[in-house]
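Working notes, structure below.
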Amino acid sequence: MADETGADGGVGGAVYAEGVPCWVDAQLPDVEAGKRFYGELFGWTFKVAPGDGAHEVWAHIEGAPVAALAPKPDGRLPTVWTVHFATPDAFALTARITAAGGQVITPPTPVGTLGTAALATDPENAVFGLWQADTHHGFARRHESGTFVWAELYTRDTKAANSFYAHLFHDALFGPDAAPDFGRATLTDIFPAEMPPHFLVHFGTDDCEAALGTVSRLGGRVQVPPFDTSYGSVAVVTDNQGASFALLRRRDGDGWREAPQETEQAEQRPEELREQRDEEGESEAPAAGARGARGAEDDG
């Protein structure tokens with residue numbers, strides 16, 4: 001299915017541009033329980049991932065791959081949804097990440113004939129994935145109910161985050177044709193003090209209240225009830241195994257996206273960002289705003 005960028009995701013089709021979220025997956029203690037939860041919540045059906053034996057499964061809507069569920073390789077790892085950004089060269093991008101102050105958790109690793117995967121963090125240790133496509137290009141459907149619609153980075157330093165990600169993904173975020181699926185918001189005092197910076201994956205819904213009822217009935221939990229942002233109504237939930245995600249109901253006629261953040265901001269090169277951070281010392285958490293979780297409305 002062609003999306004707004006003209007890219008056809010999934011196996012075959014056009015490749016997503018660098019910096020575009022192209023895939024999401026969840027690391028779960030119990031994949032079968034995950035299939036029951038997400039199958040009922042989003043209407044997903046599941047097939048074993050190509051070349052993966054009986055471990056990872058891909059979620060489908062009408063036969064089109066939209067996400068993956070995988071067993072946690074180590075019980076000490078977090079139960080979490082991870083967003084993966086497209087890249088034509090995972091090795092070159094991981095080099096840019098480390099040069100800009102991030103870290104590489106898992107270096108670029110071939111995944112059969114599907115592509116090459118890597119896992120990294122930004123300077124504040126928010127984790128994200130990279131995907132260099134071969135036969136698997138990512139989402140075959142997105143920006144609709146039951147599929148990926150948005151990723152929000154909750155960070156303590158949005159200025160530094162903008163500089164870091166603008167250096168990595170400038171065209172996707174701030175280019176003349178940019179229509180990003182990725183915003184930045186400040187971690188305010190509505191969040192626990194120990195909560196680290198992180199990405200929150202958003203899935204679309206046409207009826208947020210009904211979806212929240214389904215989450216609760218299936219053993220999940222509503223963390224943050226619906227609040228308004230510039231791109232729709234958002235609620236934050238966890239599934240029945242503890243993986244957090246958001247539900248996004250778009251406003252009528254508004255589409256899924258919001259405008260790029262701070263498009264007038266000049267890109268900072270990695271050395272400039274490092275010098276700035278050295279001069280300022282450890283970044284202090286911004287003063288908590290009255291908006292609380294609605295930080296996404298202004299900073300996304």
Side-chain angles (χ1 to χ4, degrees), residues 19-21 24 78 80-85 101-102 120-129 143 148-170 172-174 178-205 208 222-238 243-251 254-265 267-268 273 277 282-300:
V20 175
V24 291
V80 65
W81 277 99
T82 301
V83 60
H84 301 261
F85 293 96
T121 73
D122 66 18
E124 287 197 304
N125 294 321
V127 177
F128 58 97
H143 302 154
F148 170 85
V149 294
W150 189 256
E152 191 76 9
L153 170 64
Y154 285 94
T155 177
R156 292 189 171 85
D157 190 339
T158 54
K159 182 178 179 181
N162 282 340
S163 296
F164 177 81
Y165 289 100
H167 171 65
L168 297 184
F169 307 135
H170 185 274
L173 289 174
F174 302 111
D181 290 326
F182 160 33
R184 280 76 64 207
T186 303
L187 274 170
T188 65
D189 61 356
I190 195 170
F191 297 98
E194 66 274 12
M195 178 173 284
H198 63 282
F199 282 91
L200 184 65
V201 172
H202 292 48
F203 294 103
T205 180
C208 196
V222 178
Q223 289 183 293
V224 182
F227 60 94
D228 287 333
T229 73
S230 59
Y231 51 95
S233 178
V234 174
V236 183
V237 302
T238 59
S244 294
F245 61 97
L247 296 166
L248 169 60
R249 181 180 61 80
R250 62 179 177 177
R251 293 174 177 169
D254 281 355
W256 289 111
R257 307 173 190 275
E258 65 176 337
Q261 178 191 11
E262 298 185 27
T263 53
E264 76 283 358
Q265 178 178 326
E267 178 185 359
Q268 289 179 274
L273 178 57
R277 293 175 67 87
E282 290 295 323
S283 298
E284 296 181 359
R291 62 185 178 170
R294 293 172 175 80
E297 180 173 355
D298 298 320
D299 292 326

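Positions are given from 1 along the sequence.
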**Report entry** 4.5 Å side-chain heavy-atom contact, L187 and P197
**Finding:** yes

In this structure, CG of L248 is separated from OG1 of T205 (nearest 0.5 Å) by 9.0 Å

Kindly say whether P196 contributes a backbone atom to a donor-acceptor pair with the side chain of H198 at under 3.5 angstrom? yes

One should read off an interatomic distance between R184 CZ and Y154 OH, to the nearest 0.5 angstrom, of 12.5 Å

Paired with L153, the side-chain contact (heavy atoms from CB on, under 4.5 Å) test is passed by just one of N162, D122, T158, L200, namely D122

Looking only at heavy atoms, the pair that brings A178 and A172 closest together is CB-O, 3.4 Å

Hits for ring-ring contact (aromatic ring centres under 6.0 Å, His included) against F148, two or more places apart or cross-chain, chain-then-number order -> F139

With sequence neighbours left out, the residues meeting side chain to side chain donor-acceptor pair (under 3.5 Å) with H202 are none

In terms of heavy-atom contacts, F164 and G102 come closest through CE1-N, 3.9 Å

Requested in this report: Determine whether the aromatic ring centres of F182 and F85 lie less than 6.0 Å apart.
Outcome: yes

E124 and R156 have their tightest heavy-atom pair at OE1-N, 3.2 Å

Nearest heavy-atom approach of F174 to A166 is CE1-CB, 3.3 Å

Self-check item: Check: T229 main-chain N/O paired with S233 side-chain donor or acceptor under 3.5 Å
Solution: no

The side chain to side chain donor-acceptor pair (under 3.5 Å) partners of S244 (sequence neighbours excluded) come to Q223

For V201 and T82 the tightest heavy-atom approach is CG2-C, 4.4 Å

_If you apply the rule side-chain contact (heavy atoms from CB on, under 4.5 Å), what do you find for V234 with R249, and how did you get there?_
CA-CA 7 Å; V234 174; R249 181 180 61 80; over 6 Å; no

Q | Test log, rule side-chain contact (heavy atoms from CB on, under 4.5 Å), inputs F245 and V237 | A | CA-CA 6 Å; F245 61 97; V237 302; 3.3 Å; yes

Partner of F199 under side-chain contact (heavy atoms from CB on, under 4.5 Å), picked from V83, V80, V24, is V83

When every non-hydrogen atom of A185 is compared with those of E152, the smallest separation belongs to CB-OE2, 3.3 Å

